[in-house]
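The figures that follow rest on heavy atoms only: side chains count, while hydrogens, waters and symmetry mates do not. As the structure is a computational prediction, the values presented were derived from the model and not from experiment. Here, residue 1 is the first one in the sequence, and each next residue gets the next number.
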Amino acid sequence: MQNPHSPLDPALLQGVGHRLVDVLTRYLQSAQSGGLPVLPRREPADLAQEWNLPFQADPTPDVQEEFFRLVDAVLHNSNHLHHPGYIGHQIAVPLPLASCLEMVGSLLNNGMAVYEMGQLQTIMEKRVVELLREKVGFGSDSSGILTHGGSLGNLTALLAARQAQSETDAWNSGQDRPLSILVSASGHYSLARAVRIMGWGADGAWPVETTREGALDAKDLYRALSAAQASRRKVVGIVANCCSTATGVFDPLESIADFCEAHSLWLHVDGAHGASLAFSSKHRGKLKGIERAHSVVWDLHKMMGLPALSTAVLFRDKRHSYETFSQDASYLFEGERGETAHFNLGERTIECTKRGMGTTAYGMLTLLGTSWFGEHVDTLLERAQDLAALMDEAPDFELACPPEANIVCFRYFPVGDLSSEDLDQLQRELRQKVIETGEFYIVETELNGSHWLRATVMNPLTRTRDLRRLLQVVRACAYGR
Ligand SMILES: *Cc1c(COP(=O)(O)O)cnc(C)c1O
């Protein structure tokens with residue numbers, strides 16, 4: 001029998017675990033019914049002041065009570081994604097069973113770098129990646145891995161692009177010429193970071209102008225390519241958005257893929273947000289051409305309902321998934337060290353230790369069935385259409401563009417003469433006021449030099465009538481200024 005005071009005592013898990021499930025269930029019911037403010041906003045200085053007690057050398061006298069006091073405080077001081085008024089950042093409203101699978105994974109803490117540290121979890125990750133490869137239309141020669149987030153995923157894919165396209169063995173010998181990749185001006189900032197991490201500098205992400213809505217136009221690519229080359233940069237490829245973060249518009253992948261083929265460029269598709277449309281028979285047409293990409297990044301913690309972080313990096317040619325971090329990669333996929341090496345996922349990721357995220361994904365895909373994920377995407381996109389339709393009909397709202405995904409950028413546009421500065425300022429104030437009502441959480445973005453409000457429908461429990469209410473709340477906040 002273990003010492004009852006040991007923090008490793010299984011009885012502690014049992015005692016706390018049962019009660020924790022009850023606490024979280026009540027929390028979930030309350031959040032889903034809108035019984036809490038979506039974001040109970042607190043000033044960081046106030047919270048820091050409230051939580052400033054020094055750490056003690058001795059344990060707290062009543063571990064269980066203190067545990068629930070902490071849980072309660074965290075629950076009350078967080079953003080409530082399960083609230084129907086949560087239409088903010090593009091992060092999944094997690095499925096409760098997925099969170100339970102995460103708990104199993106975190107108790108096991110198998111590190112995933114080598115097969116022996118996560119045997120079945122490795123197989124499950126491979127099965128998930130296999131399904132995702134199939135969904136984007138990659139063949140049996142493709143491969144991929146799961147990694148901690150789209151930002152790391154983009155860096156992993158760009159490292160592969162560099163290794164495949166640069167004139168030197170860049171991984172081992174560095175580069176003897178400045179490299180660039182053409183990136184949409186509306187590309188995610190993780191791309192600008194990735195090129196700097198690789199030492200390409202700011203011009204490593206060579207910007208390509210977009211349409212007002214934020215999409216690439218293939219006819220602008222040649223100009224950007226020539227300009228980069230005139231600056232003595234070796235251009236290794238193009239990153240296409242699928243979809244763009246700010247407005248959710250999809251780049252024309254077919255014509256970009258044609259351009260890449262004609263100029264021997266790597267095509268990376270940043271599908272962190274939008275690749276999940278591959279599950280939807282209604283919307284997968286928006287990804288047409290993705291099957292011609294060399295690499296694709298796909299966040300499962302966005303439209304797939306899974307907890308963060310969980311990202312797939314997919315390569316159409318599996319060699320790229322093995323060669324990126326190794327000069328002599330051949331043994332990993334065909335060679336001498338035998339089959340097991342092939343299953344040591346850590347040889348193909350930036351991470352050494354990583355969470356068993358494939359297990360959660362595998363579990364949910366199996367438990368819910370793959371159709372659920374397509375229907376989930378359809379629901380989110382349909383609600384965004386509903387919101388856009390409501391705003392289109394309203395004389396005092398303006399849309400930045402018709403939504404192609406579940407992202408809607410809009411402004412409140414009252415009658416009267418407002419300068420563009422006043423209009424921008426109005427949106428900033430409205431966002432704060434809307435959040436203070438506790439009914440909605442929305443975000444904001446800059447587009448073409450002006451300020452817009454932005455809603456991303458991530459919660460399938462957000463109903464059309466909740467969205468109708470958003471218009472009323474924005475108006476009330478404008479009048480009450
Ligand atoms: C969210 C997003 C990213 C970053 O992914 P993280 O998982 O947050 O690191 C990259 N690109 C696009 C297009 C995104 O929407």
Open item on the list: Quiz question: by atom type and distance under 3.5 Å, do the side chains of D251 and S184 form a donor-acceptor pair?
Closed with: no

Open item on the list: Under a 3.5 Å cutoff, is there a donor and acceptor pairing between the side chains of Q163 and T324?
Closed with: no

Task: Inter-residue atom distance R475.CZ - L471.CG, 0.5 Å rounding - done: 5.0 Å

Open item on the list: Using 0.5 Å steps for rounding, measure from the NE2 atom of H451 to the CZ atom of R431.
Closed with: 8.0 Å

Task: D9 side-chain N/O to S6 backbone N/O, donor-acceptor pair under 3.5 Å - done: no

Task: From CG (L430) to CD (Q425), nearest 0.5 Å - done: 10.0 Å

- [ ] Go through the steps for V16 and F68 under the test side chain to side chain contact (heavy atoms under 4.5 Å, CB included), then give the verdict.
- [x] CA-CA 8 Å; V16 165; F68 285 101; 4.0 Å; yes

Open item on the list: Using the rule given for side chain to side chain contact (heavy atoms under 4.5 Å, CB included), can you reason through L387 versus M391, listing the C-alpha separation, both sets of side-chain angles and the distance that settles it, and then say yes or no?
Closed with: CA-CA 6 Å; L387 177 60; M391 290 186 167; 3.8 Å; yes

- [ ] With side chain to side chain contact (heavy atoms under 4.5 Å, CB included) as the test, would you mind laying out the steps for D378 and F279 before giving the verdict?
- [x] CA-CA 9 Å; D378 291 350; F279 275 88; over 6 Å; no

Task: Test: R454 and E446 ion pair at under 4.0 Å - done: no

Open item on the list: Ignoring hydrogens and geometry beyond distance, is a side-chain donor-acceptor pair present between N154 and H268 at under 3.5 Å?
Closed with: yes

Open item on the list: Quick one, I87 with M458, criterion side chain to side chain contact (heavy atoms under 4.5 Å, CB included). Give me CA distance, side-chain angles, the key distance, then yes/no.
Closed with: CA-CA 6 Å; I87 42 174; M458 296 304 295; over 6 Å; no

- [ ] Check for a donor-acceptor pair, side chain of E347 on one end and backbone N or O of F325 on the other, with a separation under 3.5 Å.
- [x] no

- [ ] Could you please spell out the steps behind the salt bridge (charged side-chain N to carboxylate O under 4.0 Å, His left out) verdict for K354 and E125?
- [x] CA-CA 12 Å; K354 78 177 185 188; E125 168 167 336; 2.9 Å; yes

TODO: May I ask you to say whether E65 pairs ionically with R19, meaning some side-chain N is under 4.0 Å from a carboxylate O?
DONE: yes

Task: Atom pair CG (L380) and CD (E375), whose distance is rounded to the nearest 0.5 Å - done: 12.0 Å

TODO: Answer yes or no: are there more than 12 heavy-atom neighbours, outside R42 itself, under 6.0 Å from its atom CZ?
DONE: yes

Task: Ion pair check, R411 and E398, cut-off under 4.0 Å - done: yes

- [ ] Calculate, to the nearest 0.5 Å, the distance between atoms CD1 and CG belonging to I435 and L39 respectively.
- [x] 6.0 Å

TODO: Would you confirm whether S30, through its side chain, and R26, through its main-chain N or O, come within 3.5 Å as a donor-acceptor pair?
DONE: no

TODO: Only counting residues at least two apart or in another chain, list the ones meeting side chain to side chain donor-acceptor pair (under 3.5 Å) with T247.
DONE: S244

Open item on the list: Salt bridge or not between R469 and E439? Use side-chain N to carboxylate O under 4.0 Å.
Closed with: yes

TODO: Examine the side chains of E351 and T147 and answer whether a donor and an acceptor come within less than 3.5 Å of each other.
DONE: yes

Task: Any donor-acceptor N or O pair under 3.5 Å, side chains N406, T456 - done: no

Open item on the list: Taking the six-membered ring for Trp, are F410 and W452 closer than 6.0 Å centroid to centroid?
Closed with: no

- [ ] Establish, from distance only, whether the side-chain atoms of D424 and S450 form a donor-acceptor pair under 3.5 Å.
- [x] no

- [ ] State whether R69 and D72 are salt-bridged, where the test is any N-O pair (Lys NZ or Arg NE/NH1/NH2 against Asp/Glu carboxylate O) under 4.0 Å.
- [x] no

Open item on the list: Any donor-acceptor pair under 3.5 Å linking the side-chain atoms of Y441 with those of H83?
Closed with: no

Task: Nearest-0.5 Å distance that lies between atom CD in E43 and atom CD in E50 - done: 13.0 Å

- [ ] Give a yes-or-no answer on whether the side chains of W298 and S276 include a donor-acceptor pair shorter than 3.5 Å.
- [x] yes

TODO: Identify the residue among H320, R348, R133, R316 that makes a side-chain hydrogen bond (donor to acceptor under 3.5 Å, both in side chains) with S143.
DONE: R348

Task: Expected output: side-chain D270 to main-chain A272 donor-acceptor under 3.5 Å - done: yes

Task: ring pair (Phe, Tyr, Trp, His ring centres under 6.0 Å) assessment of F413 paired with F397 - done: CA-CA 5 Å; F413 206 125; F397 282 86; over 10 Å; no

Open item on the list: Given 3.5 Å as the limit, does a donor-acceptor pair link the side chain of N459 with the main chain of Y86, or not?
Closed with: no

Open item on the list: Under a 3.5 Å threshold, yes or no: a donor from one side chain and an acceptor from the other, between Q90 and H273?
Closed with: yes

TODO: Check whether any side-chain N or O of H80 sits under 3.5 Å from a backbone N or O of H82 as a donor-acceptor pair, and report yes or no.
DONE: no

